Asks: 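Take a look at this one; I'll ask things after.
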Amino acid sequence: MTKLSVKHLLSIKPLTPADIELIFKTSENFKSVINRPIKKVPSMRDVTIANVFFENSTRTRISFELAEKRLSADVINFSASSSSVTKGETLVDTANNIISMKVDMIVMRHPNPGAAEFLSKKVNAIVINAGDGTHEHPTQALLDCFTIQEKFGKVKGLKVAIIGDIIHSRVALSNIFCLKKLGASVRVCGPPTLIPKFIEKLDIDVSYNIDETLNWCDVANVLRIQAERQEIRYFPSLREYSMYYGINKQRLDKIGKKIMIMHPGPINRGIELTSDVADSEHSVILEQVENGVAVRMAVLYLLSPPMV
Ligand code: CP
């Protein structure tokens with residue numbers, strides 16, 4: 001198999017395990033490329049990609065841009081705050097105007113769930129979802145699972161806990177789909193107010209007990225408390241959250257085994273994760289970021305339009 005079964009990457013849901021394995025195999029190849037002194041390959045020469053960001057980003061945006069440049073694609077960056085969107089232009093009009101300048105692929109981050117799927121049905125370009133509100137962040141899940149596979153040599157059979165602000169997280173849902181397709185056991189853990197009711201329908205464990213969850217898992221993927229999406233109070237205070245659900249060295253020392261700590265970033269240091277854990281030998285946070293470039297190169301390359 002050399003092609004993905006999907007035309008766009010909007011969600012992890014429609015990907016087959018074979019698709020994910022192909023992305024991982026291709027990522028391994030690109031990871032060796034970007035560790036060479038000459039980090040560029042001509043694989044996407046003459047393909048033009050627009051990175052269209054309606055929401056802030058550090059990692060995803062830079063990672064996609066580097067991935068595109070290392071594949072020799074032509075790249076344009078669009079930021080909603082400095083565009084004609086501020087004058088009232090619609091998403092579809094904005095995208096169609098960009099595409100009319102011979103753009104082949106759109107990488108989009110948008111605050112509204114479903115925005116990438118909506119766009120894929122309205123425009124003549126390949127669309128990659130770089131995060132749509134609280135819905136999905138497929139490339140983050142792929143890079144997270146790639147990092148787990150790289151560290152353990154497998155994903156199947158591992159116990160992975162996703163901890164924290166599940167209700168506002170696009171990373172959680174994409175990770176749940178990806179981990180389950182690869183055969184991991186998945187558990188979400190956090191205060192009941194931060195765990196959505198629908199999660200039980202996804203055939204995963206739910207726990208409100210952080211210490212028991214840390215004892216159970218091989219990998220803890222710790223999520224950010226997304227204060228900017230919280231219109232009501234979900235817990236009494238950040239101090240209380242960090243006391244009951246924050247991962248710190250004392251908590252990890254108590255469990256008496258080594259677990260791998262992941263975080264998609266940005267980290268609220270001292271809230272969901274203390275610095276002595278984030279910067280410890282248990283943490284693979286910067287390796288996740290490193291792997292993100294190779295995984296995004298793989299996704300872009302596998303979805304790219306055929307050369308004529
Ligand atoms: N992990 C992630 O999506 O980070 P950014 O918001 O910085 O892109």
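One-based numbering, in listed order, for ligands and for the atoms of each. Everything numeric in this text was worked out from a predicted model, so none of it was measured. Position 1 is the first residue of the sequence; numbering continues from there.
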Asks: Answer yes if the ring centres of Tyr241 and Tyr234 are under 6.0 angstrom apart, and no otherwise.
Replies: no
Asks: Check if Gly131 has a non-hydrogen atom at a distance under 4.0 Å from any atom of ligand 1.
Replies: no
Asks: Less than 4.0 angstrom from a charged side-chain N to a carboxylate O is my criterion; do Asp276 and Lys249 meet it?
Replies: no
Asks: So, Phe235 versus Tyr244, ring centres under 6.0 angstrom or not?
Replies: no
Asks: In terms of atom number and element, which parts of ligand 1 are under 4.0 angstrom from non-hydrogen atoms of Thr58?
Replies: 5 (P), 7 (O), 8 (O)
Asks: Answer yes when Lys121 and Glu117 have at least one side-chain N-carboxylate O distance shorter than 4.0 Å, and no when they do not.
Replies: yes
Asks: For Gly265, counting its heavy atoms only, list the atoms of ligand 1 lying under 4.0 Å from any of them.
Replies: 1 (N), 2 (C), 4 (O)
Asks: For ligand 1, is there an N or O atom under 3.5 Å from any N or O atom of Arg170?
Replies: no
Asks: Under 3.5 Å, sequence neighbours excluded: what are the donor-acceptor pairs made by side chains of residues 284-291?
Replies:
| from | atom 1 | to | atom 2 | distance (Å) |
| --- | --- | --- | --- | --- |
| Glu287 | OE1 | Lys151 | NZ | 2.7 |
| Gln288 | OE1 | His263 | N | 3.0 |
| Gln288 | NE2 | Asp144 | OD1 | 2.8 |
| Gln288 | NE2 | His263 | O | 3.4 |
| Asn291 | OD1 | Lys31 | NZ | 2.8 |
| Asn291 | ND2 | Thr147 | OG1 | 3.0 |
| Asn291 | ND2 | Glu150 | OE1 | 3.1 |
| Asn291 | ND2 | Glu287 | O | 3.4 |

Asks: So is there a nitrogen or oxygen of Pro264 less than 3.5 Å from a nitrogen or oxygen in ligand 1?
Replies: yes
Asks: Can you pull out the closest protein heavy atom to atom 2 (C) of ligand 1? Residue, atom name and distance to 0.1 Å, please.
Replies: Thr60 OG1, 3.5 Å
Asks: Cation-pi check, Arg61 to Phe53: give yes when NZ or CZ is under 6.0 Å from the six-membered ring centre and within 45° of the ring axis, no otherwise.
Replies: yes
Asks: Between His137, Arg109, Arg61, Arg59, flag the one that comes closest to atom 6 (O) of ligand 1 by a heavy atom.
Replies: Arg109
